[in-house]
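Here is the structure we will look at.
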Amino acid sequence: MDKYIEKAERTHNLTEAELIFLLQNQSCEEELAAAADRVRAKYVGNGVHLRGLIEFSNICRQDCLYCGLRRDNKKIERYRLQENEILELARKAVGYGYKTVVLQSGEDSHFSVEVMTRLLHKIKLLGLAITLSIGERSFAEYKAFKAAGADRYLLRIETTNKNLYTQMDPGMSFENRKTCLWNLRKLGYEVGTGCLIGLPGQTIQSLAQDILFFKELDTDMVGIGPLIPNGDTPLATAAKGDFGLTRRMVALIRLLLPEANIPATTAMETLEPNARIIILQSGANVVMPNVTEGDYRRKYALYPGKICVADTPAQCRCCMSGKINSIGRYVAKTKGFRRHLPAAYSQAAKC
Ligand code: 5AD
Ligand code: FES
């Protein structure tokens with residue numbers, strides 16, 4: 001076995017140079033994925049957690065160059081679900097057997113602390129774990145959401161390269177994004193972050209540094225995905241992110257953060273038809289099927305070619321559990337919080 005893969009599996013640590021070597025090395029990919037799959041089985045088991053995704057508004061005050069929801073995109077049809085519609089989708093998520101809902105939107109200021117906390121209280125009564133993914137807010141707002149029942153928060157750093165971040169996310173502050181993540185951590189959320197793969201000008205070194213950042217933050221969830229160029233954005237003519245590189249990233253993230261929850265994301269399946277299954281066998285243990293209904297699924301257009309837009313949430317549920325069972329895994333019945341394994345366990349893994 002490659003000595004760096006063996007080291008990663010045994011110690012869950014690699015240097016930046018070792019990460020770069022493995023990210024660049026296509027010939028090690030199968031071996032790397034197999035090691036990540038073993039670590040996944042050992043630390044988080046064979047259960048796959050399904051998180052029901054509710055895309056409740058595509059209105060966004062930010063202007064990220066890659067994203068179809070960016071405020072300067074005049075071509076997208078904007079929508080915002082009513083509170084009762086969101087609650088109804090959460091009820092349906094319970095009906096599909098999901099234990100978690102992910103409430104995701106653009107940065108839409110309509111969803112004030114008052115609106116969000118009212119909604120969170122109602123959803124909490126359904127017995128669901130709640131993940132929020134609504135962008136940058138103040139410490140006080142994050143605190144209020146937590147008190148109202150939010151358990152987890154997803155906020156991708158997108159890239160840890162400050163120059164690239166500033167170029168790709170004009171008007172946003174890299175420092176503030178990091179502050180948001182540390183604030184979420186301080187408030188006791190399960191924190192999820194991640195990056196895009198294939199941003200123009202992004203280097204392999206920068207991706208290696210992204211992984212080291214996830215480790216430094218000791219992030220509970222890591223969601224990454226390839227860039228899918230959107231024709232209605234300034235990155236219309238950029239190249240797509242590479243699937244193999246995305247897979248190697250997932251595998252390395254599992255090896256370095258063995259307890260993390262790692263989703264096989266839908267953007268991956270836009271590149272490669274069987275991507276979510278391949279990624280579930282390369283270190284991932286979470287899938288986020290869409291619970292959003294009808295035309296809203298299509299309108300939440302971060303990138304083109306989004307899968308399942310014509311399917312109903314019930315079809316997605318059925319399709320995913322079939323796929324998961326076909327690879328000898330099962331749909332987990334628990335809420336799937338991050339497991340913190342006793343130090344002795346991780347110590348044993350280090351010997
Ligand atoms: N391709 C792939 N992922 C994208 N996102 C936004 N635009 C794109 C795109 N064109 C991702 C960002 C954001 C998440 C919600 O969607 O990483 O954090
Ligand atoms: Fe920033 Fe959509 S506008 S990710």
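For ligands, and for the atoms within them, numbers begin at 1 and follow the listed sequence. Note that these values count all heavy atoms, side chains included, but never hydrogens, waters or copies made by symmetry.
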Residues 115-123, side-chain donor-acceptor partners within the protein, below 3.5 Å, at least two apart:
| residue | atom | partner | partner atom | Å |
| --- | --- | --- | --- | --- |
| Thr117 | OG1 | Val113 | O | 2.7 |
| Thr117 | OG1 | Glu114 | O | 3.2 |
| Arg118 | NE | Glu83 | OE1 | 3.0 |
| Arg118 | NH2 | Glu83 | OE1 | 3.4 |
| Arg118 | NH2 | Glu83 | OE2 | 2.7 |
| His121 | ND1 | Thr117 | O | 3.1 |

What part of Leu196 sits under 4.0 Å from ligand 1 if we count only heavy atoms: the side chain, the backbone, both or neither?
-> side chain

Could you verify whether a donor N or O on one side chain and an acceptor N or O on the other, from Asn261 and Asp220, lie under 3.5 Å apart?
-> no

Taking only heavy atoms of Glu158, which atoms of ligand 1 are found under 4.0 Å from at least one of them?
-> 12 (C), 13 (C), 17 (O), 18 (O)

Measure from the ring center of Phe337 to the ring center of His49 and say whether it is less than 6.0 Å.
-> no

Taking Asp232 for the side chain and Lys75 for the main chain, is one N or O donor matched with an acceptor at less than 3.5 Å?
-> no

Which bit of Pro229 gets closer than 4.0 Å to ligand 1, counting heavy atoms only: side chain, backbone, both or neither?
-> neither

Option with minimal heavy-atom separation from atom 2 (C) of ligand 1, where the choices are Pro226, Ala267, Gly225 = Pro226

Heavy-atom contact under 4.0 Å between Gly68 and ligand 1?
-> no

Judging by distance only, is a nitrogen or oxygen of Arg156 under 3.5 angstrom from one on ligand 1?
-> yes

Without hydrogens or angle criteria, can the side chains of Glu55 and Gln104 be said to hold a donor-acceptor pair below 3.5 Å?
-> no

Would you please say whether a donor-acceptor pair under 3.5 Å links the side chains of Glu136 and Asn176?
-> yes

Just which atoms of ligand 1 are under 4.0 Å from any heavy atom in Leu302?
-> 7 (N), 10 (N), 16 (O)

Looking only at distance, does Asn230 have an N or O less than 3.5 Å from an N or O of ligand 1?
-> no

Give the numbers and elements of all ligand 1 atoms closer than 4.0 Å to a heavy atom of Cys67.
-> 6 (C), 7 (N)

Please list all pairs passing the ring pair (Phe, Tyr, Trp, His ring centres under 6.0 Å) test where one or both residues lie in residues 278-314, with sequence neighbours left out.
-> Tyr79-Tyr296

Using distance alone, determine whether Tyr66 and ligand 1 share an N or O pair under 3.5 Å.
-> yes

